[in-house]
Q: 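Provided herewith is a single structure, encoded as structure tokens, for subsequent inquiry.
Below, all heavy atoms of this structure are taken into account, side chains as well, without hydrogens, waters or symmetry copies. Note that the structure is predicted; figures quoted are calculated from it, not measured.
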Amino acid sequence: MTRRWIYLSATLGLAAALAAMPTVVQAQAKKDSLVLAMTLEPPGLDPTIAPAAAIGEVVHYNIFEGLTKILENGEVGPLLADSWSVSPDMKVFTFKLKSGVKFSDGTAFDAADVKFSFETYGGEKSTNKRKAVFANIESIVTPDPLTVAITLKKADPTFLFSLGENTAVITAPESAATNATKPVGTGPYKLVEWVKGDSVTLAANEAYRNPAAIKLKSVKMRFIGDQGALVAAMRAGDIDAVPIGILGENVREFEKDKRFKVTAGSTEGETMLIINNKRKPFDDVRVRRALTYAIDRAAVIEAASAGYGKPIGSHFAPHDPAYVDLTKMYPYDPAKAKALLKEAGVSNLEVTLRLPPPPYAKPIGEVVQAMLGQVGINAKIENVEWAQWLDGTFKNKNYDLTVISHVEPNDIVKYAEPDYYFQYDSQKARDLVAKANSTLDKAERTRALQDLQQLLAEDAVNVYLYNLPRLGVYKQGLTGFWVNAPIFVNDLTAVAWQ
């Protein structure tokens with residue numbers, strides 16, 4: 001609501017008015033609604049069947065919940081599980097569940113829903129992007145409605161973290177089949193309406209276990225991909241918040257406007273020029289290294305984020321304790337790039353650079369195109385819609401080069417999958433990932449991850465550009481949004497107007 005003033009009729013005397021209306025003359029109704037903008041529209045609303053990060057930005061912690069919750073600082077806390085215990089070999093995880101929890105359709109949540117969800121996500125027909133996490137489950141036992149004991153085939157030191165991701169949210173067998181369009185979860189909000197191409201509207205879930213804790217009764221998430229339209233809507237007052245996706249150059253302008261507050265945090269997003277490693281001539285490491293030498297990371301960061309963002313030299317976030325700074329391994333050196341291309345017998349190379357809709361992709365693509373042109377590579381830009389990118393690039397691997405930010409935590413393990421869309425096939429990488437995922441020794445796991453970062457840099461699997469910053473713009477008086485993003489969510493549980 002907006003501020004409302006109670007105007008007294010000029011025909012009434014003051015005494016009569018006060019007698020008839022002994023309440024405060026000037027009043028302000030507390031604001032309990034929010035309009036939030038996102039730059040990408042999700043292809044569906046079930047994060048357990050599709051990989052798009054935008055799905056989680058709508059539903060995670062809002063409609064759907066998991067056993068654990070990843071906190072803003074990256075630590076893992078309880079959510080649908082009140083507590084848990086872990087066996088010394090890190091193979092048996094026993095969870096005690098919250099009591100009295102219901103799904104938004106009124107059905108009760110219990111251990112059977114956990115068993116159903118995880119067995120589905122690890123099943124043969126699963127399209128869950130974290131399927132491997134659930135396929136590693138040996139058995140799930142539910143001795144009573146509020147206890148779940150999960151036994152893993154192999155020890156997984158990141159299991160509790162994985163259970164806090166949107167791929168592990170708990171769904172019910174009664175509604176799972178239609179969650180992509182009619183999501184039913186245990187979270188504080190429920191879906192009211194999805195207007196394709198425009199917005200999703202959420203309302204407070206009356207079945208939620210702690211309704212008094214949720215201050216917003218209605219949230220509209222508008223999808224505005226065009227940065228000009230996004231900025232105009234924010235300045236006009238039509239949008240209250242843009243937590244993710246606004247360009248750095250626009251953030252700089254909002255910093256000067258006292259009506260807004262700006263935040264700049266870190267993310268798990270590794271922004272990269274992705275290379276199809278099996279497509280000629282990129283199957284030659286010399287060509288991939290030439291691409292890396294050809295790109296000036298500082299210029300890319302300035303173009304895409306107005307200088308916000310930290311350069312990276314491998315697929316790892318700089319805030320992680322296991323991070324290794326490998327940016328000096330390939331300094332900007334066009335002459336070196338030309339020499340490597342000549343050595344590989346490559347000249348007048350024609351390639352396609354496919355750009356998906358995220359706002360950083362276009363400015364990065366234009367800078368990369370110009371830099372590749374300086375070393376004799378003619379990159380033709382092809383702008384595609386999100387669904388086209390997911391189908392043609394991610395699923396069918398039909399591309400030369402593309403730009404994307406990988407935002408999933410711990411996704412360096414994807415380099416152990418030869419069929420993943422990078423098409424990188426390395427037994428060394430598989431061995432290092434297996435070591436990192438199986439050791440219970442923190443120092444040994446760190447060494448394995450650092451060796452893997454070094455290997456990816458040496459093999460120049462992709463051109464590693466920078467860590468995607470989380471830039472947010474909010475109206476003054478709005479509180480509770482995350483500044484940092486260990487995962488990509490718009491967690492509304494603590495959001496309120498002051």
Q: Can you name the nearest heavy-atom pair linking Asn166 to His60, along with the distance?
A: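 Scanning both residues, the minimum pair turns out to be N-CE1, 3.2 Å.
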Q: Determine, step by step, whether Asn128 and Ser126 satisfy the side chain to side chain donor-acceptor pair (under 3.5 Å) criterion, reporting the C-alpha distance in whole Å, the side-chain angles of both residues, the deciding distance to 0.1 Å, and the verdict.
A: CA-CA 5 Å; Asn128 191 300; Ser126 171; 5.1 Å; no
Q: Classify the angle between the aromatic ring planes of His315 and Tyr415 as parallel (below 30°), tilted (30 to 60°) or perpendicular (above 60°).
A: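 Geometry flag for Tyr415 against His315: perpendicular rings.
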Q: Take Glu41 and Arg222, measure what salt bridge (charged side-chain N to carboxylate O under 4.0 Å, His left out) needs, and give me the verdict at the end.
A: CA-CA 8 Å; Glu41 179 172 15; Arg222 291 181 55 189; over 6 Å; no
Q: Keeping Tyr189 on the side-chain end and Val219 on the backbone end, is there a donor-acceptor pair under 3.5 Å?
A: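 It does not hold such a pair.
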Q: Measuring from atom CG of Asn383 to atom CZ of Arg354, what distance do you get when rounded to the nearest 0.5 angstrom?
A: 11.0 Å
Q: Main chain of Asn484, side chain of Glu72: is a donor-acceptor contact present, judged purely on distance under 3.5 Å?
A: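 The answer is yes, because a donor-acceptor pair under 3.5 Å joins these two groups.
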Q: In terms of heavy-atom contacts, does NZ of Lys217 have more than 12 from other residues, nucleotides or ligands at under 6.0 Å?
A: yes
Q: Is a donor on one side and an acceptor on the other found under 3.5 Å between the side chain of Asp32 and the backbone of Leu216?
A: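 Not confirmed, Asp32 side chain does not pair with Leu216 backbone.
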Q: Within a reach of under 6.0 Å around NZ of Lys397, are more than 12 heavy atoms found that belong to other residues, nucleotides or ligands?
A: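 For Lys397, atom NZ is crowded (more than 12 foreign heavy atoms under 6.0 Å).
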Q: Is Asn467 reaching over with its side chain to a backbone N or O of Gly269, donor-acceptor style, under 3.5 angstrom?
A: yes
Q: Would Lys220 and Asp240 pass as an ion pair if we require N to O under 4.0 Å?
A: no
Q: For Ala304 and Leu247, which heavy atoms make the closest approach, and how far apart are they?
A: O-CD2, 3.5 Å
Q: Can you find a heavy atom in the side chain of Phe481 that is under 4.5 Å from one in the side chain of Leu492?
A: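 Result yes, sub-4.5 Å side-chain heavy-atom pair found.
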Q: Taking the side chain as everything from C-beta on, heavy atoms only, tell me whether Lys475 gets closer than 4.5 Å to Ile239.
A: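 Result no, sub-4.5 Å side-chain heavy-atom pair not found.
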Q: Around atom NZ of Lys115, are there more than 12 heavy atoms of other residues, nucleotides or ligands at under 6.0 Å?
A: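 Yes, the 6.0 Å shell around NZ holds more than 12 heavy atoms from other groups.
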Q: Nearest 0.5 Å, what's the OG-CH2 distance between Ser199 and Trp194?
A: 11.0 Å
Q: Should we count CD of Glu385 as having more than 12 external heavy atoms under 6.0 Å?
A: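 Counting neighbours around CD of Glu385, 12 or fewer heavy atoms of other residues, nucleotides or ligands fall under 6.0 Å, so no.
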Q: Which pair of non-hydrogen atoms, one from Val489 and one from Ile244, has the smallest distance, and what is that distance?
A: O-CD1, 3.9 Å
Q: If you compare all heavy atoms of Ile137 against all heavy atoms of Leu152, which two are closest, and at what distance to 0.1 Å?
A: CG1-CD2, 3.9 Å
Q: With distance as the sole test, does Glu270 use its side chain to make a donor-acceptor pair with the main-chain N or O of Leu465 at under 3.5 Å?
A: no
Q: I'd like to know if Glu408 pairs up with Arg130 as an ion pair, taking the criterion as any Lys NZ or Arg NE/NH1/NH2 lying under 4.0 Å from an Asp or Glu carboxylate oxygen.
A: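 Here Glu408 does not pair with Arg130 in a salt bridge, since their nearest N and O are not under 4.0 Å apart.
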Q: Find out whether Pro43 and Trp386 are in side-chain contact, i.e. whether some heavy atom of one side chain is under 4.5 Å from a heavy atom of the other.
A: yes
Q: Is there a donor-acceptor pair closer than 3.5 Å between any side-chain N or O of Asn396 and the backbone N or O of Asp391?
A: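 Indeed, once roles are kept as given, a pair shorter than 3.5 Å links the two residues.
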Q: Do the numbers put Arg252 on top of the ring of Tyr308, so that NZ or CZ is under 6.0 Å from the six-membered ring centre and no more than 45° off the axis?
A: yes
Q: What is the distance from atom NZ of Lys96 to atom CG of Leu146, rounded to the nearest 0.5 Å?
A: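 Those atoms lie 8.0 Å apart.
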Q: Is there side-chain contact between Asn437 and Lys154, with at least one heavy-atom pair below 4.5 Å?
A: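 No - every pair of side-chain heavy atoms lies 4.5 Å or more apart.
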Q: Name the one of Tyr464, Tyr421, Phe488 that satisfies ring-ring contact (aromatic ring centres under 6.0 Å, His included) with His406?
A: Tyr421
Q: From Thr493 OG1 over to Tyr61 OH, what is the distance, rounded to the nearest 0.5 angstrom?
A: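 Thr493 atom OG1 to Tyr61 atom OH measures 9.5 Å (nearest 0.5 Å).
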Q: Hey, what do you get for CD (Gln498) to CD (Gln476), rounding to the nearest 0.5 Å?
A: 9.0 Å
Q: Evaluate Lys190 against Glu206 for salt bridge (charged side-chain N to carboxylate O under 4.0 Å, His left out), listing each step before the verdict.
A: CA-CA 9 Å; Lys190 63 181 182 179; Glu206 59 271 14; 2.8 Å; yes
Q: For Gly123, is there any backbone N or O sitting under 3.5 Å from a side-chain donor or acceptor partner on Lys131?
A: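 Yes.
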Q: Is there a donor-acceptor pair under 3.5 Å between the side chain of Lys98 and the backbone N or O of Leu79?
A: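 Answer holds: yes.
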Q: One thing to verify: whether Asp89 and Lys91 come together as a salt bridge, which I'm taking to mean a side-chain N less than 4.0 angstrom from a carboxylate O.
A: no
Q: Please check: side-chain N/O of Ser305 versus main-chain N/O of Gly307, any donor-acceptor pairing under 3.5 Å?
A: no
Q: Measure across Leu468 and Tyr360 and return the closest heavy-atom pair with its distance rounded to 0.1 Å.
A: CD1-CD2, 3.9 Å
Q: What pairs of donor and acceptor atoms, side-chain ones from residues 44-55 against any protein atom, are under 3.5 angstrom apart with sequence neighbours left out?
A:
residue: Asp46; atom: OD1; partner: Thr48; partner atom: N; Å: 2.9
residue: Asp46; atom: OD1; partner: Thr48; partner atom: OG1; Å: 2.6
residue: Asp46; atom: OD2; partner: Thr48; partner atom: OG1; Å: 3.4

Q: Is any side-chain heavy atom of Val58 closer than 4.5 Å to one of Asn490?
A: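 Not touching, per the 4.5 Å side-chain cut-off.
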Q: Looking only at side chains, do His319 and Glu268 share a donor and an acceptor under 3.5 Å apart?
A: yes
Q: Where the side chain of Gln453 meets the backbone of Ile412, is there a donor-acceptor pair that is under 3.5 Å apart?
A: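 It does not hold such a pair.
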Q: Rounded to the nearest 0.5 Å, what's the gap from CZ on Phe95 to CG on Leu67? Could you check?
A: 5.5 Å
Q: Would you tell me whether Trp84 and Thr94 have side-chain atoms, one donor and one acceptor, within less than 3.5 Å of each other?
A: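 No, no side-chain donor-acceptor contact under 3.5 Å.
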Q: May I ask you to check whether Phe394 and Tyr399 place their ring centres under 6.0 Å from each other?
A: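 For Tyr399 and Phe394, the ring centres are not under 6.0 Å apart.
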Q: Quick one: are Leu390 and Lys395 in side-chain contact, heavy atoms under 4.5 Å?
A: no
Q: Parallel, tilted or perpendicular, judged at 30° and 60°: which one describes the rings of Tyr121 and Phe118?
A: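 Tilted, since the angle between the ring planes falls between 30° and 60°.
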Q: By the definition side chain to side chain contact (heavy atoms under 4.5 Å, CB included), identify the one residue from Ile404, Val403, Thr393 that meets it with Ile274.
A: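 Result for side chain to side chain contact (heavy atoms under 4.5 Å, CB included) with Ile274: Ile404.
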Q: Between the side chains of Lys153 and Glu138, is the shortest nitrogen-to-carboxylate-oxygen separation below 4.0 Å, so that they form an ion pair?
A: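 Salt bridge: no.
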Q: Is it true that the side chains of Thr271 and Ser405 contain a donor and an acceptor less than 3.5 Å apart?
A: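 The answer is yes; a qualifying pair exists.
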Q: Please name the pair of heavy atoms, one in Ser175 and one in Val184, separated by the smallest distance, quoted to 0.1 Å.
A: OG-CB, 3.6 Å
Q: Suppose we call two aromatic rings close when their centres sit under 6.0 Å apart. Are Tyr474 and Phe260 close by that rule?
A: no
